[in-house]
Amino acid sequence: MTVKDVFVSAPGKAILHGEHAVVHGKVALAVSLNLRTYLRLKGTTTGKVCINLPNIDTFLCYDLSELKQLIPVSCGKREEGKRLDAELVRRLREFIGVTDGNLDTCNMATLSFLYIYISLFGSSELPSLTVSVWSELPTGAGLGSSAAYSVCLASALLCASGAIPAPLKESDQSARWCQEDLEQINSWAFQGEMIIHGNPSGVDNAVGTWGGMLRFLAGKIIPLSRVPLLRILLTNTKVPRSTKVLVAGVKDKINKFPSIMTPVLDSVDAISCTCEKILSEMTCEPITGEHYNILEELIDINQHHLNVMGVGHPSLDTLCQVTLTKGLHSKLTGAGGGGCGITLLRPETDASVVQTTVQDLKDCGFDCWETSIGGPGVQQHSPLSVKEEVLEILNRY
């Protein structure tokens with residue numbers, strides 16, 4: 001069985017508003033981050049399956065004959081995307097030598113790939129192919145890098161297996177799948193995320209699949225139909241943190257001071273809802289300076305609330321101060337306690353201001369990117385439409 005070449009990409013994710021409050025039943029807004037993960041799938045005749053992940057220095061090849069031994073009887077008979085096939089996961093863990101549950105990034109990425117590959121092709125003939133992935137996203141920064149990877153894997157392998165059609169027509173630069181196919185991609189990507197994270201919320205893979213903005217409330221994920229593309233700076237303070245410890249700290253504070261903290265959570269909820277309202281206004285009427293004024297005020301208020309919850313950090317204070325001297329407004333995104341922050345750029349923000357701000361933040365020891373939020377989810381590309389530097393990396397393998 002030979003498979004057609006496929007080129008796909010998926011975005012990362014950032015939380016615009018509602019981090020931490022979402023754990024306590026409040027609305028959070030998750031947005032796509034236009035730092036993307038790119039995947040190239042190439043049919044081969046080597047009798048091997050190879051995966052190349054240059055970001056994490058991982059280059060592996062497996063003989064098809066080895067992989068055939070791992071296919072459980074149940075393979076290919078189950079409904080996709082609902083539950084992991086525990087037997088296949090067990091066999092794969094044993095095969096790659098990680099039975100103790102301690103998975104590093106390389107093992108998790110490999111396990112996720114082999115799981116989706118065997119699940120999709122296992123009931124027929126395993127094809128010989130090479131998958132190469134390059135990501136603009138830093139790993140482990142809470143920006144949805146593993147979900148973007150899982151979404152790319154799911155879309156490329158579903159396409160290669162014929163389970164969904166390739167949406168790209170000859171004259172297209174890039175193309176998106178229809179709603180039904182996106183649901184299938186999301187479903188398989190969620191399986192990949194379960195292998196990597198155990199018990200994911202499903203938000204990250206949904207953002208990678210649909211792009212734009214999603215409203216997340218009490219386990220329900222609702223993609224919002226249209227959102228404006230907003231320019232931002234994304235800053236990684238590179239200060240490591242434990243999400244688990246930060247979430248537990250907020251919970252302790254709420255238990256200790258319920259009458260003080262409950263209104264803070266309600267206020268964050270109102271910020272998310274107000275922001276959603278403003279963004280939807282911006283898609284159906286002329287965008288004004290007043291829209292941006294409100295978005296900036298919401299960012300400032302939410303950042304103060306996050307400090308009240310105890311998830312701030314001196315590095316994030318520095319980020320807010322440095323950008324404010326340039327008239328720009330920033331807040332943490334994700335777990336806090338270090339990690340990443342976002343800074344809103346207005347349409348009229350001058351390129352020289354952006355440049356000096358980025359340099360000032362780099363001088364603080366941070367990583368900083370100018371990017372956008374609200375862009376498209378998973379896409380298939382013609383090779384010509386992919387950035388030259390990405391193409392060059394992926395063509396090496």
Side-chain angles (χ1 to χ4, degrees), residues 3-14 30-42 51-56 109 112-113 116-117 129-139 141 143-160 164-169 171-179 181-190 192-193 196 203-214 223 227 229 232 234 369-397:
V3 293
K4 282 203 176 100
D5 294 5
V6 188
F7 220 124
V8 296
S9 79
K13 81 101 197 358
V31 288
S32 64
L33 189 61
N34 211 23
L35 293 174
R36 300 179 76 87
T37 294
Y38 294 85
L39 179 150
R40 183 184 184 192
L41 182 151
K42 208 164 53 172
I51 181 152
N52 302 306
L53 308 170
N55 294 85
I56 54 169
S112 185
F113 164 65
I116 298 175
Y117 168 78
L129 53 84
T130 295
V131 163
S132 305
V133 183
W134 174 255
S135 186
E136 299 172 330
L137 290 158
T139 54
L143 300 172
S145 60
S146 69
Y149 169 72
S150 296
V151 169
C152 283
L153 280 181
S155 59
L157 290 168
L158 281 163
C159 247
I164 61 173
L168 198 72
K169 305 283 176 283
S171 57
D172 292 344
Q173 295 281 296
S174 55
R176 306 258 298 129
W177 283 267
C178 71
Q179 192 61 21
D181 295 339
L182 288 174
E183 275 166 24
Q184 218 178 323
I185 291 169
N186 187 49
S187 188
W188 279 104
F190 185 61
E193 281 285 87
I196 294 169
V203 170
D204 291 15
N205 50 279
V207 172
T209 303
W210 277 280
M213 183 164 80
L214 304 178
V227 285
L229 200 64
I232 63 154
L234 174 76
W369 299 266
E370 183 185 349
T371 182
S372 59
I373 53 176
V378 65
Q379 291 182 308
Q380 186 187 1
H381 299 280
S382 81
L384 296 173
S385 70
V386 178
K387 295 178 193 171
E388 221 168 286
E389 63 270 27
V390 174
L391 206 55
E392 193 206 322
I393 292 163
L394 293 179
N395 281 343
R396 287 176 200 162
Y397 307 106

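Counting begins at 1 with the first residue of the sequence.
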Item checked: Qualifying residues under side-chain contact (heavy atoms from CB on, under 4.5 Å), relative to Asn55, sequence neighbours excluded -> Trp134, Ser135

Next item on the list: Taking side-chain contact (heavy atoms from CB on, under 4.5 Å) as the test, write out the residues that go with Ser150, two or more places apart.
Entry: Ser112, Ala189, Glu193, Ile196

Next item on the list: Taking ring-ring contact (aromatic ring centres under 6.0 Å, His included) as the test, write out the residues that go with Phe7, two or more places apart.
Entry: none

Notebook entry, point to check: Which pair of heavy atoms, one from Ser372 and one from Leu229, lies closest together, and at what distance?
Noted result: OG-CD1, 4.0 Å

Next item on the list: Could you tell me which residues satisfy side-chain contact (heavy atoms from CB on, under 4.5 Å) with Val133, sequence neighbours excluded, listed by chain and number?
Entry: Thr37, Leu39, Leu53, Val131, Tyr149

Notebook entry, point to check: Considering only heavy atoms from C-beta outward, does the side chain of Trp188 approach that of Leu153 to under 4.5 Å?
Noted result: no

Next item on the list: Grab the two heavy atoms, one from Ala10 and one from Val151, that are nearest each other, plus how far apart they are.
Entry: CB-CG1, 3.8 Å

Next item on the list: Look up atom CD1 in Ile232 and atom CG in Leu33, then write down how far apart they are to the nearest 0.5 Å.
Entry: 5.5 Å

Next item on the list: Using the test side-chain hydrogen bond (donor to acceptor under 3.5 Å, both in side chains), find all partners of Ser132 that sit at least two apart in sequence or belong to another chain.
Entry: Asn52

Check: Nearest heavy-atom pair of Thr139 and Ser145: which atoms, and what distance?
Finding: CA-OG, 3.6 Å

Check: Measuring from Ser187:OG to Leu182:CG, what's the distance to the nearest 0.5 Å?
Finding: 12.0 Å

Enumerate donor-acceptor pairs with a distance under 3.5 Å from any side-chain N or O in residues 373-387 to protein atoms, sequence neighbours excluded.
unit_1, atom_1, unit_2, atom_2, d
Gln380, OE1, Leu168, N, 3.2
His381, NE2, Ser9, OG, 2.7
Ser385, OG, Gln173, O, 2.9
Ser385, OG, Ser382, O, 2.8
Lys387, NZ, Glu136, OE2, 2.5

Next item on the list: Write down the atom of Cys159, the atom of Ala166, and the distance for their closest heavy-atom approach.
Entry: SG-CA, 3.6 Å

Side-chain donor/acceptor pairs under 3.5 Å, residues 390-397, sequence neighbours excluded:
unit_1, atom_1, unit_2, atom_2, d
Glu392, OE2, Arg396, NH2, 3.4
Asn395, OD1, Arg40, NH1, 2.5
Asn395, ND2, Leu391, O, 3.4

Checklist line | Residues that Trp210 engages under side-chain hydrogen bond (donor to acceptor under 3.5 Å, both in side chains), provided they are two or more places apart | finding: Gln179

Next item on the list: Determine whether more than 12 heavy atoms belonging to other residues, nucleotides or ligands lie under 6.0 Å from atom CD of Glu389.
Entry: yes

Note to self: Using 0.5 Å steps for rounding, measure from the SG atom of Cys178 to the CD1 atom of Ile164.
What the structure shows: 8.5 Å

Next item on the list: Please report the shortest heavy-atom distance between Pro11 and Val207, naming the atom on each side.
Entry: CG-O, 3.9 Å

Notebook entry, point to check: For the residue pair Trp177 and Pro165, what are the closest heavy atoms and their distance?
Noted result: NE1-O, 2.9 Å

Check: Between NZ of Lys13 and CG of Asn205, what distance do you get to the nearest 0.5 Å?
Finding: 10.5 Å

Notebook entry, point to check: Which of these, Leu214, Asp204, Asn186, sits in a side-chain contact (heavy atoms from CB on, under 4.5 Å) with Thr209?
Noted result: Asn186

Notebook entry, point to check: For Ser32, which residues count as a side-chain hydrogen bond (donor to acceptor under 3.5 Å, both in side chains) partner, sequence neighbours excluded?
Noted result: none

Check: Does the side-chain contact (heavy atoms from CB on, under 4.5 Å) test come out yes or no for Val31 and Val227, once each step is laid out?
Finding: CA-CA 9 Å; Val31 288; Val227 285; over 6 Å; no

Note to self: Could you work out, with side-chain hydrogen bond (donor to acceptor under 3.5 Å, both in side chains) as the rule, every residue matching Asn34, not counting sequence neighbours?
What the structure shows: Arg36

Notebook entry, point to check: Atom CD of Gln184 and atom OG of Ser155: how far apart are they, to the nearest 0.5 Å?
Noted result: 11.5 Å

